[in-house]
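Working notes, beginning with the structure itself.
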2 protein chains.
Amino acid sequence: MQEKEQKRPLRNSKQRAIILEVLKSTKTHPTADWIYEKVRKKIPNISLGTVYRNLSVLKEMGKIMELNCGEKCSRYDGNPENHYHFVCLKCGRVFDVEGIDVNRKIDEEVSEKNGWEVFYHRMEFYGLCGECSKKND
Amino acid sequence: MQEKEQKRPLRNSKQRAIILEVLKSTKTHPTADWIYEKVRKKIPNISLGTVYRNLSVLKEMGKIMELNCGEKCSRYDGNPENHYHFVCLKCGRVFDVEGIDVNRKIDEEVSEKNGWEVFYHRMEFYGLCGECSKKND
DNA sequence: GCAGAAATAATAATAGTTACTAGTTTATTG
DNA sequence: CAATAAACTAGTAACTATTATTATTTCTGC
């Protein structure tokens, strides 16, 4: 239903594979620029535009996720399975939430009570991470 | 805890009052630009910068909420009480979710299981609104 | 009324992202 | 293998939302 049609036949792009590999290799949720810098170590003359374009393609392919947690720039997550995130209001880092399953029943509940067709939801928690919590403000 | 100190003594700004009034008067969740256009009908020579600055002040005052639902631009909500939102993937409109209470217990659960200090969370549902659902894609 | 600070309009600057362009690589098909 | 078409690319320009700056105006308490 929400699955997009495959508009273009995709080739096996070496750059795209490396971008995916870099993103999969980190547990952080990096920005496009961070990914660009990392990938540049493997493909020195890659351009930032290529990184953005391939991140967008990978997202369309359903291999990665794009996050918007209240910052001006997007962050990317190499794990396309729906899960929740935590944003530290002090250091700005984004973490995966562990130990809480995605509540799929709530989508139906929201659908029924509001007359919409709900496909999925996102949840982001905000606060202080362990490290930042220790440092007394 | 998360409450910011009042940095500057605020004056009763006419523009700010009208911006708040405009935002409170709609159930939509408008962008800064939409608000600017509306306010311009009452204060023709107001500048967009003033709108942005006052939205930011109103947010600091806790009178409004800023939303980031996966778009490149922010949307604003005249209701500062935490509540959930629904984004229509077709028309892009943002709605308040009715009939679902904010789950405050989950913040504690996330805190305990991950060792963070969680203050609040946000939840956004995605799908098709009633109108867009009727129109067969 | 006056001093000092807040608020303002207009404008410039910034940052993240996207679009464009001309050239390169790759898969495919005859 | 040669020809062709289309995906892909680096480099760069353009765009857009937002923020900062600046010179000026408006409040507000004394």
Side-chain angles (χ1 to χ4, degrees), chain A residues 4-23 29-61 63-77 92 94, chain B residues 4-23 29-61 63-77 92 94:
Chain A
K4 285 272 175 61
E5 296 286 318
Q6 192 67 46
K7 274 168 234 129
R8 46 186 163 185
L10 292 170
R11 203 178 278 168
N12 287 342
S13 155
K14 183 93 177 290
Q15 338 263 73
R16 187 153 58 235
I18 289 178
I19 287 165
L20 181 59
E21 189 184 292
V22 163
L23 185 52
H29 300 77
T31 62
D33 213 64
W34 185 97
I35 297 166
Y36 173 54
E37 290 303 330
K38 279 280 180 188
V39 171
R40 221 138 70 111
K41 286 173 185 157
K42 302 186 180 188
I43 317 169
N45 64 334
I46 197 171
S47 82
L48 182 56
T50 299
V51 172
Y52 271 108
R53 186 169 30 74
N54 280 304
L55 285 171
S56 152
V57 171
L58 288 165
K59 192 178 127 188
E60 278 180 36
M61 294 166 83
K63 296 197 172 183
I64 68 171
M65 208 196 282
E66 187 179 354
L67 307 178
N68 289 84
C69 299
E71 287 173 303
K72 65 183 63 174
C73 62
S74 286
R75 289 174 173 274
Y76 296 87
D77 190 331
V94 179
Chain B
K4 286 270 175 61
E5 295 286 318
Q6 192 68 46
K7 276 168 233 129
R8 47 188 161 183
L10 293 169
R11 202 180 279 168
N12 287 341
S13 155
K14 184 93 176 287
Q15 338 265 72
R16 188 154 59 234
I18 289 177
I19 288 166
L20 181 59
E21 188 185 292
V22 164
L23 184 53
H29 300 76
T31 62
D33 213 63
W34 185 97
I35 296 166
Y36 172 54
E37 290 304 331
K38 279 280 178 188
V39 171
R40 221 136 70 110
K41 286 171 187 158
K42 302 187 180 187
I43 316 169
N45 64 335
I46 196 171
S47 82
L48 181 56
T50 299
V51 171
Y52 271 108
R53 185 169 30 74
N54 280 305
L55 285 171
S56 151
V57 171
L58 287 166
K59 192 177 127 190
E60 276 180 39
M61 293 169 82
K63 296 199 173 182
I64 69 171
M65 209 195 283
E66 185 178 354
L67 308 177
N68 290 82
C69 298
E71 287 174 302
K72 65 184 66 176
C73 62
S74 286
R75 288 174 175 274
Y76 295 87
D77 190 330
V94 178

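Proteins get letters first, then strands, A, B, ... in listed order; numbering begins at 1 in each.
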Note to self: Walk me through whether A/N68 and A/S74 qualify under side-chain contact (heavy atoms from CB on, under 4.5 Å).
What the structure shows: CA-CA 5 Å; A/N68 289 84; A/S74 286; 3.7 Å; yes
Item checked: From CA spacing to verdict: salt bridge (Lys or Arg N to Asp or Glu O under 4.0 Å), A/K42, A/E21 -> CA-CA 11 Å; A/K42 302 186 180 188; A/E21 189 184 292; 3.1 Å; yes
Item checked: Verdict with supporting geometry, B/M61 and B/V57, side-chain contact (heavy atoms from CB on, under 4.5 Å) -> CA-CA 6 Å; B/M61 293 169 82; B/V57 171; 3.8 Å; yes
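Between the CZ atom of B/R53 and the C1' atom of D/dT26 there is a distance of 13 Å, rounded to whole Å. The CG-P distance, from A/N68 to C/dA15, rounds to 19 Å in whole Å. Summarising the geometry, the separation between CG on B/L55 and P on D/dA17 is reported as 15 Å, rounded to the nearest angstrom. As rounded to whole Å, 8 Å separates atom P of D/dT19 from atom NZ of B/K59. With rounding to whole Å, A/Y52 atom OH is found 17 Å from C/dC20 atom C1'. The CG-P distance, from A/N54 to C/dT17, rounds to 15 Å in whole Å. If you measure from atom CD1 of B/I35 to atom C1' of D/dT18, you get 14 Å, rounded to the nearest angstrom. Here the P atom of nucleotide C/dA12 and the CG atom of B/L48 are 15 Å apart, to the nearest Å.
A donor and an acceptor atom sit less than 3.5 Å apart, one in the side chain of B/R11 and one in the base of C/dA5.
A/T50 has a side-chain polar atom (N or O) that falls below the 4.0 Å cut-off from OP1 or OP2 of D/dA10.
Rounding to the nearest 0.5 Å gives a distance of 9.0 Å between OG1 of B/T31 and OH of B/Y76.
Residues A/Q15 and A/T50 bring no donor and acceptor atom of their side chains to less than 3.5 Å of each other.
In terms of position along DNA chain C, the nucleotide closest to B/S47 lies nearer the 5' end than the nucleotide closest to the other residue of the pair B/S47 and A/A32. Where B/N12 and B/Y76 each meet DNA chain D at their nearest nucleotide, the meeting point lying more 5' is that of B/Y76.
Among the protein residues, B/S74 comes within range of the sugar-phosphate backbone only, with heavy atoms under 4.0 Å from sugar or phosphate atoms but none that close to a base.
The stretch residues 13-20 of chain A touches DNA chain D through A/S13, A/Q15, A/R16, each having a heavy atom within less than 4.0 Å of the strand.
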